[in-house]
Structure formats: C-alpha cells, structure tokens
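These notes concern the structure reproduced below.
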There are 2 protein chains.
Amino acid sequence: MRKNTKDEIIRTTAKLIQEKGYVGTGLKEIIEQSGAPRGSIYYHFPDGKEQIALEAVKWTREAVRSFIQEELSKHEDALIAIQSFILDSADRFEKNRYFVGVPIAALILETSSTNDNLRKSCEGAFETWSLEFMKKLQENGYKESIAKKLGTIINTMIQGALVAALASKHAESLRTTAGILPLIFSQQSLQK
Amino acid sequence: MRKNTKDEIIRTTAKLIQEKGYVGTGLKEIIEQSGAPRGSIYYHFPDGKEQIALEAVKWTREAVRSFIQEELSKHEDALIAIQSFILDSADRFEKNRYFVGVPIAALILETSSTNDNLRKSCEGAFETWSLEFMKKLQENGYKESIAKKLGTIINTMIQGALVAALASKHAESLRTTAGILPLIFSQQSLQK
DNA sequence: GTCTATATTCGGATAGAC
DNA sequence: GTCTATCCGAATATAGAC
C-alpha cells in the first residue's frame with residue numbers, strides 16, 4: 001500500500017518547509033502528517049532533521065527539474081515554452097497553494113548564514129533548474145554562454161516572482177514575469 | 001535613560017531575522033545582541049515576539065525606502081538611477097553581509113501561510129519600495145500605469161536576485177539584473 | 001523496523017520585587 | 001523601567017524493549 005515510509009517523510013517535509021520554514025517544521029509534525037511510524041524517523045534518518053531536509057531538497061530539485069523538462073518539451077520555441085511553463089505555474093499557484101520549488105527559497109533565506117550544507121544543496125537546485133532552461137535555449141540555437149546567462153536570469157526572475165506571489169497571495173507577478181520575457185529575448189537573440 | 005533601548009531592540013531583530021529567520025530568532029538572542037536590559041522586553045513590547053517583528057518590518061521598510069529615495073536622487077535619468085542603485089546594493093552585499101530588505105523576504109516565506117499580520121506588513125513594505133521606483137519613473141515622463149507596472153517588476157526582480165545572491169554568496173545576480181534593465185525599459189518606454 | 005519512554009535543552013511568556 | 005525567578009510547552013535526540 002504505502003510505497004515507502006521514507007519517501008513519504010521526505011515529501012511531507014518538503015511541503016511543510018514551504019509552509020512553515022525549516023526551523024518552524026517540527027519532527028513531530030512530519031511524523032503526524034506523513035503517517036510514518038513514530039519510531040522510524042531516526043532509523044531512516046540517523047543524522048536527524050538536517051538529513052531529512054537535505055533529502056527534501058534533493059527530492060524537490062528533481063521533482064521540479066522533471067516538471068520543467070516536461071513543460072518545456074511541449075513547445076518547440078524556447079520563448080513560448082518557457083512562457084507557458086511560467087503561466088502554468090501561476091495557475092498551479094492559485095489552485096492549491098502548494099508549489100514545488102518554493103521550499104528552496106525558504107531554506108536559503110533561513111539558513112544561508114547558519115548552515116552551509118543546506119545552503120549548498122539549495123544552490124545546486126537553482127543550478128539544476130537554470131540548466132534546464134539553458135538546454136532548451138541551446139536547442140533553439142542560442143550559443144552556450146548566452147543560453148547559460150539567460151537560463152540563470154529566468155530562474156532568478158521566477159524566484160522573485162514567487163516571493164512576491166506569496167506576499168500578495170495572487171499570481172500576478174508570475175504572469176507579469178512571463179509577459180516581459182519577450183523583451184529580454186528580443187535583444188539577446190541577436191547574439192545567437 | 002537610553003531612549004534608544006527600544007530602537008536598538010528593533011534594529012537588532014531586523015538583523016537577526018535576516019540571518020536566522022523569524023522562528024530561528026530567539027528573544028534571548030535579541031536581548032544579548034541588542035544590549036537591552038533583560039527585563040525590558042515585555043515592557044516595551046507587551047505583545048511579545050510578533051510585535052517586535054512587526055516593528056522590525058516597519059523599521060526596515062522605512063530604512064530601505066529612504067535609502068532607495070536617496071540613491072535614485074543622484075541621477076536624473078530613471079534607468080541610470082535605478083541601475084546604480086542596484087549596483088550599489090551589490091557592492092554593499094559583498095562588503096558586509098548585512099543588507100536591509102532581505103528580512104522581509106525571509107519573513108514572507110516563513111509566515112505567508114501561518115501569520116497573516118506579518119504577511120500583510122511585508123506586502124506593504126514591497127508596495128512602498130515599488131512606489132519609490134514608480135515615482136522616479138513618473139518624473140521621467142512615464143505615464144502612471146506603466147510606471148506602476150515597471151516599479152513592481154523592478155522590486156520583484158531585485159528580490160529574486162537577492163535570493164540568488166544569498167544562495168551563491170556572491171552578488172553577480174544583482175549585477176546581471178541591473179544589466180538587463182535597459183532591455184525592459186527600451187520597449188516599455190515607447191509607451192511613455 | 002517500529003515502539004515507548006525519557007533526557008535535555010530551549011522556546012516564549014508571566015509574576016512580582018525593586 | 002528593569003530584574004530575577006519560574007512556568008509550561010515544545011523541540012531534537014537517545015535508549016532500549018519488542
């Protein structure tokens with residue numbers, strides 16, 4: 001029935017970190033919401049809370065990566081593909097508040113100056129996602145250096161838009177971000 | 001005697017929230033680092049931690065607002081003024097890690113789904129800062145609706161760049177953001 | 001693999017003296 | 001305005017039975 005207790009703990013932790021942050025998420029709550037056996041936490045994660053968070057980051061990184069990949073494959077054109085990825089994300093944000101990818105930003109702001117392990121793993125997630133945008137751009141003929149820069153910018157803009165969306169409780173900032181992408185592409189594309 | 005005991009608590013809290021987040025910041029640490037008398041916390045802030053955080057947000061909002069205003073007044077041209085504001089911020093980020101304005105994003109991600117008072121005050125801070133950019137743009141002849149939209153976008157991009165900067169521990173994302181502003185302005189300005 | 005019980009530390013908050 | 005003492009709950013983590 002349950003695929004795996006361990007996976008369920010990881011997934012629940014990713015969700016809870018998004019809602020309440022890293023410090024604000026208690027092991028007690030992880031156990032309750034995941035339905036995991038109370039005594040199994042330190043069996044699966046001997047290093048405790050940090051280890052769970054690191055695996056939650058890894059899980060989030062891959063979940064978002066494959067989601068980006070899937071969405072981008074729906075359109076040939078990189079600009080249109082990335083735009084519709086962002087617009088889809090906006091819809092998701094409004095439907096249920098759970099949006100994978102946010103917990104990474106939360107972790108960074110909480111731990112960037114106190115826990116270098118977590119900070120580095122979050123940095124890696126950002127790089128992974130930027131790379132997906134970059135690959136799509138290269139498929140469209142952008143040369144490597146431009147594609148890399150644009151990929152990073154896009155990821156950064158999305159993160160900012162997500163923070164703004166959480167602050168205002170609506171996804172307009174994401175839609176606006178999608179809307180200004182053509183302006184950035186139009187000039188950069190001259191350097192293809 | 002020290003009229004600034006209260007102010008010192010507020011300022012210290014703003015700094016600590018940036019470093020460790022809202023939940024991660026303890027009253028004990030606030031007292032220690034601010035040098036405030038131990039027994040004075042609940043005298044000055046009868047509503048406890050949340051009240052201190054709310055005042056820290058207000059303080060940060062105004063500190064950043066006047067900093068933006070001051071920086072933008074150094075150049076006539078809105079694009080150049082905003083660009084140099086962002087570049088100055090990048091320098092500050094690298095010199096000492098303390099950068100006012102970040103604690104707001106930290107608070108949003110931690111409390112957006114658990115504490116509506118704090119969320120709203122953070123939203124207000126974003127609006128205040130966006131308004132400063134908007135005013136500068138209007139002085140440059142942008143019509144209100146365009147200026148407002150651009151002001152919001154700029155604030156959003158800066159927030160995203162800050163998250164990326166904290167993740168990577170360098171300010172390149174801020175400089176890149178300054179670099180792509182002309183692309184956004186160049187087209188939007190047609191609608192002056 | 002899972003459970004219970006517990007150790008230990010720490011959080012925010014209150015009461016009352018001065 | 002400030003201090004000390006203290007409460008209460010919650011946090012992470014460990015030990016050892018089953």
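Remember, predicted model here, so these are calculated numbers, not experimental data.
Rounded to an integer number of Å, the gap from CZ of B/Arg38 to C1' of D/dT6 is 15 Å. Here C/dT4 presents its P atom at 11 Å from CD1 of A/Ile31, a figure rounded to the nearest Å. As a whole-Å value, the separation of A/His44 NE2 from C/dC3 C1' is 13 Å.
Counting heavy-atom neighbours within 6.0 Å of A/Gln69 CD, excluding the residue itself, gives a total above 12.
Axis deviation across the helix from C/dG1-D/dC18 to C/dC18-D/dG1 amounts to 0°, comparing end segments of five pairs, rounded to 10 degrees.
Salt-bridge annotation for B/Arg119 and B/Glu123: present, with a side-chain N of the basic residue lying under 4.0 Å from a carboxylate O of the acidic one. B/Lys120 and B/Asp116 are joined by a salt bridge, as a carboxylate oxygen and a charged side-chain nitrogen come within less than 4.0 angstrom of each other. For the pair A/Glu94 and A/Arg175, the salt-bridge criterion is met [side-chain N within less than 4.0 Å of a carboxylate O]. Salt-bridge annotation for A/Lys20 and B/Glu110: absent, with no side-chain N of the basic residue lying under 4.0 Å from a carboxylate O of the acidic one.
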Practice item. For each nucleotide in nucleotides 9-15 of chain C, reading 5' to 3', give B when a protein heavy atom comes within less than 4.0 Å of its base, S when such contact involves only the sugar-phosphate, and - otherwise. Key: --SSBB-

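In terms of modelled atom types and a separation under 3.5 Å, the side chain of A/Gln83 and the main chain of A/Ala178 share a donor-acceptor contact. A donor-acceptor contact shorter than 3.5 Å is absent between the side chain of A/Lys143 and the backbone of A/Gln138.
Under the 4.5 Å side-chain contact rule for hydrophobic residues, B/Tyr142 and B/Leu131 do not share a cluster.
At the phosphate of D/dG1, OP1 or OP2 sits under 4.0 Å from a side-chain N or O atom of B/Tyr43.
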